[in-house]
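Structure record follows, encoded as structure tokens.
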Amino acid sequence: MNSKQIRQTFLDFFASKDHSIVASAPMIVKNDPTLMFTNAGMNQFKDIFLGNSPAKNARVADTQKCLRVSGKHNDLEEVGHDTYHHTMFEMLGNWSFGNYFKAEAIDWAWELLTGIYKIPVEKLYVTVFEGDEKDGVPMDSEAMGYWRKHLPEERILKGNKKDNFWEMGESGPCGPCSEIHVDIRDDQEKLKIKGRDLVNEGHPLVIEIWNLVFIQYNRKANGQLEELPARHVDTGMGFERLCMVIQNKQSNYDTDVFQDVITRLGYLAGRKYGSNEKADIAMRVIADHLRAIAFAITDGQLPSNNKAGYVIRRILRRAVRYGYTFLDFRKPFIHQLVAVLAENMGGAFPELIRQQDLVINVIREEEDSFLKTLETGIKMLDGIIEDTKKKDHTDVNGNVAFELYDTFGFPLDLTELILREQGLTVNREGFELAMEAQKNRSRSATQLETGDWIELQQAEGDGFVGYDTLEAKIRINRYRKVKGKKGEFYQLVFNTTPFYAESGGQVGDSGSIEANGIKTEIFDTVKENNLTVHLTRQLPENPGEDFTAVVNSINRRLTENNHTATHLLDHVLREVLGKHIEQKGSYVSPDSLRFDFNHFQKVTDEELNRIQKKVNELIRTNDQKDELREVPMSVAESMGAIALFGEKYGDQVRVIRFGDSVELCGGTHVKATGTIGQFIVISEGSISAGVRRIEAITGSKAEEYVENQLKALKDVSILFNNPADLKGAVDELFTKYHLLLKQAEAFEKENAVKLKKELLQQVEIIHGINFLAQQIKVENSAVIKDIAFQLKGEVENLFLVLAAEIDGKANIHVMISDNLLKEKGFNAGSIVRDLAKSVNGSGGGQPFYATAGGKEPSGIPVLIQNARRLLNSQG
RNA sequence: GGGGGAUUAGCUCAGUUGGCUAGAGCGUUUGACUGGCAGUCAAAAGGUCAUCGGUUCGAUUCCGAUAUUCUCCA
């Protein structure tokens, strides 16, 4: 069976058991401060387990794209070195939300593995929870009973709390779990040591493939467990491992999931997989990371320099690094593997095919820039090596290596590798110390203390009512205090709210809540998981009473203008630039709107002009808003609604239509497009390879902008006495100005030459030296400098002192011919300092030329005398 | 969110105790050579040294702020 069949078989099997098959949620998580990426199959169902929202289907199955690169599950540094760790992987899972429980979950798992996938029974082991006295949980004899039907006692093992009791977090839903392990060692190995002794012992060939979690408890904040009324099943089976087992391989990377990519990579590198240990590691790293990056990009997460985007960038760089070091790639190569990946996985994940060009371009650009980073790093390292050797040291200062890593992004392992070739090492201790200091700095800067939720009441409410009203009677259900570096604030959760929480690019509402004539300001509204959280600096005096919540309507209206304009822009972009346009991000605030989209060239001025014009036409058409709140996804699709990759939609979606523009959207919009007034593009630019950004303003902001522009234009026009052709007038002035400037320069030069000629007449010979000391009249010191250098070129044996009064200050220049410096030991710097005493100033410069300034120009004649005396005394 | 770096000619970059009237290579323009293409040689043009402020006799260089950007940590 190939991997495509294996995946499909899983889904078909559970469909036949009345499960509804759902799509994978995006790998990039939004609206959850505790999680950056989806790291387990259950993530998208978290709200159901927490009881925040009801389950739409009691039985569900899917394959979920997961990424484990940060936080609790951080496998990044392991990947490639063994044969089974991955950054991105697929988790096959089936769920029961208060529906079936242990019996069915166990029976079906067994049926699928042994009956359909035909995995030999004698390779399998299962585990059940042994119980825990402290928690008062007995051994899971129920599960044990069901397993006994399928396999002999000696293949059923008891596991401890660490392996066989699953918890989501410190508190919340939890329960015992049963794991299915498989022993894929060869017979010889099996004779030496029994498989059952290797279960959960970290052996690469005796591995867990399926975890069946039975959620039946809730852990309270005080640590106690209570029975849940509704019991759930949550299972997860690693797809790549499953393929390895079914295809009789001993490494995930030997399955067809990875082999296509590895083969292609081998071709590009001119090496064969399996012929060299280090090269093999590199090839595994690259094959794995390619998937993570490609899927992240199609989910809308581009590599960038912070947060999730930065994690993606780091993964890509790790891949480039391995390719650079062990496969000798010096030019971008990873992007050349995208086509193979798309062919392999595009069936199950169509976004890969649809966005293939974008993925290739983004990866290539990233590779390019990192290879450049490596190049400059290597140059710097060369300097460091030279330095170290000069000092006769054998190890490089840890701080230096850290700077290379921290500031210039040059990886430590590469530093060490290159140093080793030179017989040098890095002082690891110093490096780690510097790293620790950096971490401490960051930690102390981001410390956020979150207090416990304080439950006030459980008032029933209508949730979000802000589509229809900006004012509502509300009650505060719970609140908590959050302490950050910038001070403290409170998070409030209402039963009903007219406040829109930041999402879909639209900023959160601000406003106030009021009781007994006392207002409490709400400065922002955000979403945490599915909760709408209102932020305030101050807690109302009596938080339990009734409030009137009022949204800042001015800002809301301005924001709506911009949001609707964004939809119109999206629509027009497809019309003007082509159907390939897809939203890659957007930001809608009261002040302006920002829209990012994939497009591979600069949007020309002419196109930009047409875009702006068309949007304004649509505004004037004054299309009425057509808002459909609860539409089945399939209906929305048939309406031609634009959906976003990387966005998770429910079965029921909200559709916003203005004329031909139809989008799935949760944001707030104007009643009719005419309200927007006017749309003006402020800028167009690139934010990354293949992604462009348009910024625009609307309504009163646009009006203000036009007014300012017109006023500026008018002001300029008045300066020119309102000419018929303003541009022509400015052009003419400009030309004249340049001409005059040239003439003035020429004049100045001429004067300087004249002055120089006069000065040449004044040269005297003192002790065989051509001496000249004069006060001259010039406009700026650059002219004196020019004259001094000219004289130096024309007069040998020169000792020159020029002084001038410029802007009420003395300006002194001393120039001495090179031969005199040696012969007479002159130093212009010390001479000028000495002379400057007469004008109450100081100065310095090089031995042959120095300048000084002084506050008392009246001393210049004395200064000239002193210069003469100085030379006389040299006799 | 915090730390560190970068910003010099159209492009890629040099330019360390603050003073060398700001440089190189590529590119551009012009001229010469060759029957043309191409090439070789010669010359020229091109810079508010990111912006604003400060220290100084003097700032591309030192200090502060801002902008843009890279990078590491969270």
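Reminder, nothing fancy here: chain letters follow the sequence lines and each chain counts from 1. Please read these numbers as outputs of a predicted model, since none were measured by experiment.
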Output a table of donor-acceptor pairs, distance under 3.5 Å, between side-chain atoms of residues 826-839 of chain A and any protein atom two or more places apart or on a different chain; print 'none' if there are none.
{"residue": "A:N827", "atom": "OD1", "partner": "A:G829", "partner atom": "N", "Å": "2.7"}
{"residue": "A:N827", "atom": "OD1", "partner": "A:S830", "partner atom": "N", "Å": "3.3"}
{"residue": "A:S830", "atom": "OG", "partner": "A:N827", "partner atom": "O", "Å": "3.1"}
{"residue": "A:R833", "atom": "NH1", "partner": "A:G843", "partner atom": "O", "Å": "2.9"}
{"residue": "A:D834", "atom": "OD1", "partner": "A:K837", "partner atom": "NZ", "Å": "3.2"}
{"residue": "A:S838", "atom": "OG", "partner": "A:L835", "partner atom": "O", "Å": "3.1"}
{"residue": "A:S838", "atom": "OG", "partner": "A:N866", "partner atom": "ND2", "Å": "3.1"}

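- Between B:C62 and B:U55, the two C1' atoms lie 8 Å apart (nearest whole Å).
- Neither OP1 nor OP2 of B:G4 sits under 4.0 Å from any side-chain N or O of A:Y405.
- Place A:K372 and A:N811 on RNA chain B by their nearest nucleotides, and A:K372 ends up nearer the 5' end.
- One can place CZ of A:R441 at 12 Å from C1' of B:A74, the figure rounded to the nearest angstrom.
- Surrounding CD of A:E823 are more than 12 heavy atoms belonging to other residues, nucleotides or ligands, all under 6.0 Å away.
- Among A:L759, A:N811, A:I812, A:V814, the one residue that satisfies the side chain to side chain contact (heavy atoms under 4.5 Å, CB included) test with A:L802 is A:L759.
- In this structure, B:G18 forms no base pair with any nucleotide, since neither Watson-Crick nor G-U wobble geometry is met with both distances under 3.5 Å.
- Looking at which nucleotide of RNA chain B each of A:F848 and A:F408 is closest to, the 5′-most match is held by A:F408.
- Nucleotide B:A38 forms a pair with no other nucleotide shown, judged by Watson-Crick or G-U wobble geometry with both contacts under 3.5 Å.
- In this structure B:G1 sits in a base pair with B:C73, meeting the Watson-Crick or G-U test at under 3.5 Å.
- For the OP1/OP2 pair of B:U71 and a distance below 4.0 Å, the side-chain nitrogens and oxygens of A:T407 include no atom meeting the criterion.
- A donor and an acceptor atom never sit less than 3.5 Å apart when one is taken from the side chain of A:Q438 and the other from the base of B:G4.
- Checking the phosphate oxygens (OP1, OP2) of B:G1, no side-chain nitrogen or oxygen of A:R443 falls inside 4.0 Å.
- The distance from atom CD of A:E695 to atom P of B:U68 is 10 Å, rounded to the nearest whole Å.
- A gap of 25 Å separates the C1' atoms of B:U56 and B:G47, to the nearest Å.
- Rounded to whole angstrom, the span from the NZ atom of A:K792 across to the C1' atom of B:G19 amounts to 14 Å.
- Using atom C1' as the reference point in both B:U29 and B:A9, the two lie 15 Å apart (nearest Å).
- Nucleotides B:G27 and B:U71 place their C1' atoms 31 Å apart, quoted to the nearest Å.
- With hydrogens and angles left out, the side chain of A:S442 and the base of B:G3 share no donor-acceptor pair within 3.5 Å.
- Salt bridge annotation for A:D591-A:K701: present, with a cationic side-chain nitrogen under 4.0 angstrom from a carboxylate oxygen.
- Comparing the same atom, C1', in B:A22 and in B:A65 gives a spacing of 26 Å after rounding to whole Å.
- For the pair A:F431 CZ and B:G4 C1', the interatomic distance rounds to 13 Å; values are reported in whole Å.
- Distance, A:D786 CG to B:G19 P: 20 Å, rounded to whole Å.
- Judged by distance alone, the side chains of A:D288 and A:T87 do bring a donor and an acceptor atom under 3.5 Å apart.
- Under 4.0 angstrom from either OP1 or OP2 of B:U71 there lies at least one side-chain N or O belonging to A:R313.
- Under 3.5 Å, the side chain of A:D406 and the base of B:G5 form no donor-acceptor pair of N or O atoms.
- Across B:A6 and B:G64, the matching P atoms stand 13 Å from one another, rounded to whole Å.
- For B:C20, the OP1/OP2 oxygens have a side-chain nitrogen or oxygen of A:K785 closer than 4.0 Å.
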